[in-house]
Colleague: 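Following this message is one structure expressed as structure tokens.
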Amino acid sequence: MVLDLPETCATLGDYLALFRGKYKKAAKSVLTSTERAGYRVEEIRDLAPHAARLHELYLEVHANADFRPFTLSPDYLPRMSAALGDAFRCVGLSKDGVLAGFVTVVKDGTTAVGYYLGYDRAANETSPLYFRLLYAAVEASLAMGCRRISFGRTALEPKSRLGARPVPLSCWVRHRVPVVNVALRCWLGDIPHDVAPDRSPFREE
């Protein structure tokens with residue numbers, strides 16, 4: 001799911017201004033309801049002190065995924081942040097000083113990749129934390145100067161409401177044992193995926 005943004009779009013406000021009525025209303029509802037519930041959005045620059053909590057929140061989402069080829073280690077995100085520097089962003093969602101969610105973004109040229117995220121699933125039942133994190137990813141991507149955001153292949157419905165659309169995906173994998181490559185080709189081709197809904201949240205120019 002990929003979201004393309006015009007050159008004139010530089011802030012979250014610019015992005016929301018592109019929406020048609022009901023989609024803009026829904027977006028603003030997410031922003032205001034999480035704020036009124038006491039949640040605050042801020043960039044996490046030093047991930048190391050938060051490594052344990054970030055991993056805990058990541059596992060809450062990871063455990064619910066249908067396809068889990070591997071599990072990140074607790075030090076993975078802090079090390080990615082240290083290695084990528086300004087090309088990596090982590091935005092946290094906190095309430096009363098407790099981290100309740102996070103989203104990470106990796107910059108690749110003018111494309112931002114919505115990377116790993118995690119959130120308190122119980123808290124998400126009463127406040128739209130997941131949707132707020134998606135908007136935080138858009139805001140972080142714009143701040144990094146990106147014009148295209150790749151949101152991955154999961155949660156197609158909420159991402160379509162952001163204006164993201166499906167694009168073909170290619171995956172290049174090579175195993176050191178040649179015969180295994182045959183099995184990998186079949187296995188990867190059988191990974192199930194849903195069909196993205198057809199949404200048009202943006203106003204027509």
Side-chain angles (χ1 to χ4, degrees), residues 1 3 11-13 15-16 19 23-68 70-82 84 86-107 112-144 146 149-164:
M1 297 294 285
L3 172 61
T11 67
L12 185 62
Y15 164 70
L16 295 180
F19 279 178
Y23 291 98
K24 181 185 291 187
K25 182 178 180 180
K28 290 187 174 180
S29 176
V30 169
L31 303 183
T32 56
S33 63
T34 49
E35 183 177 0
R36 288 173 181 170
Y39 290 98
R40 298 292 177 265
V41 177
E42 58 185 354
E43 183 182 354
I44 303 175
R45 294 186 177 274
D46 184 5
L47 275 63
H50 305 280
R53 180 57 176 164
L54 291 169
H55 191 64
E56 181 181 357
L57 294 170
Y58 153 74
L59 288 177
E60 287 210 38
V61 174
H62 180 71
N64 199 54
D66 294 329
F67 180 61
R68 300 188 297 272
F70 54 83
T71 301
L72 301 183
S73 63
D75 66 340
Y76 179 82
L77 291 176
R79 293 179 69 177
M80 279 289 290
S81 177
L84 296 179
D86 291 339
F88 183 95
R89 293 281 178 96
C90 179
V91 181
L93 190 61
S94 302
K95 180 176 181 179
D96 299 327
V98 178
L99 191 63
F102 76 91
V103 63
T104 55
V105 176
V106 174
K107 178 180 171 65
V113 178
Y115 206 41
Y116 288 99
L117 62 71
Y119 56 89
D120 185 323
R121 297 188 67 84
N124 190 61
E125 294 295 322
T126 56
S127 294
L129 304 189
Y130 175 70
F131 288 98
R132 184 62 186 90
L133 290 171
L134 290 181
Y135 291 118
V138 173
E139 187 170 25
S141 300
L142 289 171
M144 297 168 85
C146 296
I149 309 173
S150 174
F151 279 110
R153 57 179 293 279
T154 60
L156 306 184
E157 169 65 27
K159 291 170 184 175
S160 70
R161 290 179 174 273
L162 296 180

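Values below: every heavy atom of this structure, side chains too, minus hydrogens, waters and symmetry copies. If you're wondering where the values come from, they're calculated on a predicted model, not measured in any experiment.
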Colleague: Applying side-chain contact (heavy atoms from CB on, under 4.5 Å), name anything that partners Pro158, two or more places apart in sequence or on another chain.
Modeller: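 For Pro158 the side-chain contact (heavy atoms from CB on, under 4.5 Å) partners, ignoring immediate neighbours, are Tyr130, Phe131, Leu134, Ala155.
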Colleague: Grab the two heavy atoms, one from Gly101 and one from Leu133, that are nearest each other, plus how far apart they are.
Modeller: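 The pair with the smallest heavy-atom distance is C-CD2, 4.0 Å.
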Colleague: Partners of Tyr15 by ring pair (Phe, Tyr, Trp, His ring centres under 6.0 Å), sequence neighbours excluded?
Modeller: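 Tyr15 satisfies ring pair (Phe, Tyr, Trp, His ring centres under 6.0 Å) with Phe19 only.
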Colleague: I need the Leu129 CG to Leu117 CG distance, nearest 0.5 Å.
Modeller: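 CG of Leu117 is found 11.0 Å from CG of Leu129.
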Colleague: Hey, are the side chains of Ile44 and Leu99 touching, using non-hydrogen atoms and a 4.5 Å cut-off?
Modeller: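 Answer yes - side chains close enough.
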Colleague: With Ser73, which residues qualify under side-chain contact (heavy atoms from CB on, under 4.5 Å), at least two apart?
Modeller: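 If we apply the side-chain contact (heavy atoms from CB on, under 4.5 Å) test to Ser73, skipping adjacent residues, the hits are Asp75, Tyr76.
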Colleague: Kindly compute the distance separating SG (Cys90) from OH (Tyr116), expressed to the nearest 0.5 Å.
Modeller: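 Answer rounded to 0.5 Å: 14.0 Å.
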Colleague: Measuring only between side-chain heavy atoms, which start at C-beta, is Leu57 closer than 4.5 Å to Asp120?
Modeller: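 In contact.
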Colleague: Grab the two heavy atoms, one from His55 and one from Leu72, that are nearest each other, plus how far apart they are.
Modeller: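 Nearest heavy atoms, His55 then Leu72: CE1-O, 2.8 Å.
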Colleague: If the condition is side-chain contact (heavy atoms from CB on, under 4.5 Å), which residues does Arg121 pass it with, not counting sequence neighbours?
Modeller: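 In terms of side-chain contact (heavy atoms from CB on, under 4.5 Å), with neighbours along the sequence ignored, Arg121 is linked to Glu60, Asn64, Tyr119.
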Colleague: Rounded at 0.5 Å granularity, tell me how far OG in Ser141 sits from CG in Leu3.
Modeller: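 If we round to the nearest 0.5 Å, Ser141:OG and Leu3:CG are 8.5 Å apart.
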Colleague: Would you say the side-chain atoms of Thr34 pair up with the backbone N or O of Val30, donor to acceptor, closer than 3.5 Å?
Modeller: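 Present.
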Colleague: For the pair Ser127 (side chain) and Asn124 (backbone), establish whether a donor and an acceptor sit closer than 3.5 Å, ignoring hydrogens and angles.
Modeller: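 No: the side chain of Ser127 does not pair with the backbone of Asn124.
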Colleague: Nearest 0.5 Å, what's the CG-CE distance between Leu162 and Met1?
Modeller: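 Output value for this atom pair is 8.5 Å.
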Colleague: Does some side-chain heavy atom of Leu47 sit less than 4.5 Å from a side-chain heavy atom of Phe102?
Modeller: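 The answer is no, as the side chains (C-beta and beyond) never meet within the 4.5 Å cut-off.
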Colleague: How close do Tyr23 and Arg161 get, heavy atom to heavy atom, and via which atoms?
Modeller: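 For Tyr23 versus Arg161, the nearest heavy atoms are CE2-NH1, 4.0 Å.
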Colleague: Do any pairs count as a salt bridge (charged side-chain N to carboxylate O under 4.0 Å, His left out) and have a residue in residues 29-44, sequence neighbours left out, and if so which ones?
Modeller: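 Of all non-adjacent pairs touching residues 29-44, those that pass salt bridge (charged side-chain N to carboxylate O under 4.0 Å, His left out) are Glu43-Arg45, Glu43-Arg89.
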Colleague: Work out which heavy atom in Val61 is nearest to a heavy atom in Gly118; give both atom names and the distance.
Modeller: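 In terms of heavy atoms, the two residues are closest at CG2-CA, 3.7 Å.
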Colleague: For Ala48, give me all partners under side-chain contact (heavy atoms from CB on, under 4.5 Å), at least two apart in sequence or on another chain.
Modeller: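 By the side-chain contact (heavy atoms from CB on, under 4.5 Å) rule, Ala48 matches Asp46.
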Colleague: Measure from the side-chain N and O atoms of Lys107 to the backbone N and O of Asp86, and report whether any donor-acceptor pair falls under 3.5 Å.
Modeller: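 No, because the side chain of Lys107 does not come within donor-acceptor range (under 3.5 Å) of the backbone of Asp86.
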Colleague: Using a 4.5 Å cut-off on heavy atoms from C-beta on, say whether the side chain of Tyr58 contacts that of Leu77.
Modeller: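 Leu77 does not reach Tyr58 side chain to side chain.
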Colleague: Less than 4.5 Å apart, side chain to side chain, heavy atoms only: is that true for Leu31 and Leu16?
Modeller: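 Yes, close enough: below the 4.5 Å cut-off.
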Colleague: Indicate yes or no: at least one non-hydrogen side-chain atom of Thr71 is less than 4.5 angstrom from one of Leu59.
Modeller: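 With C-beta onward as the side chain, the pair touches.
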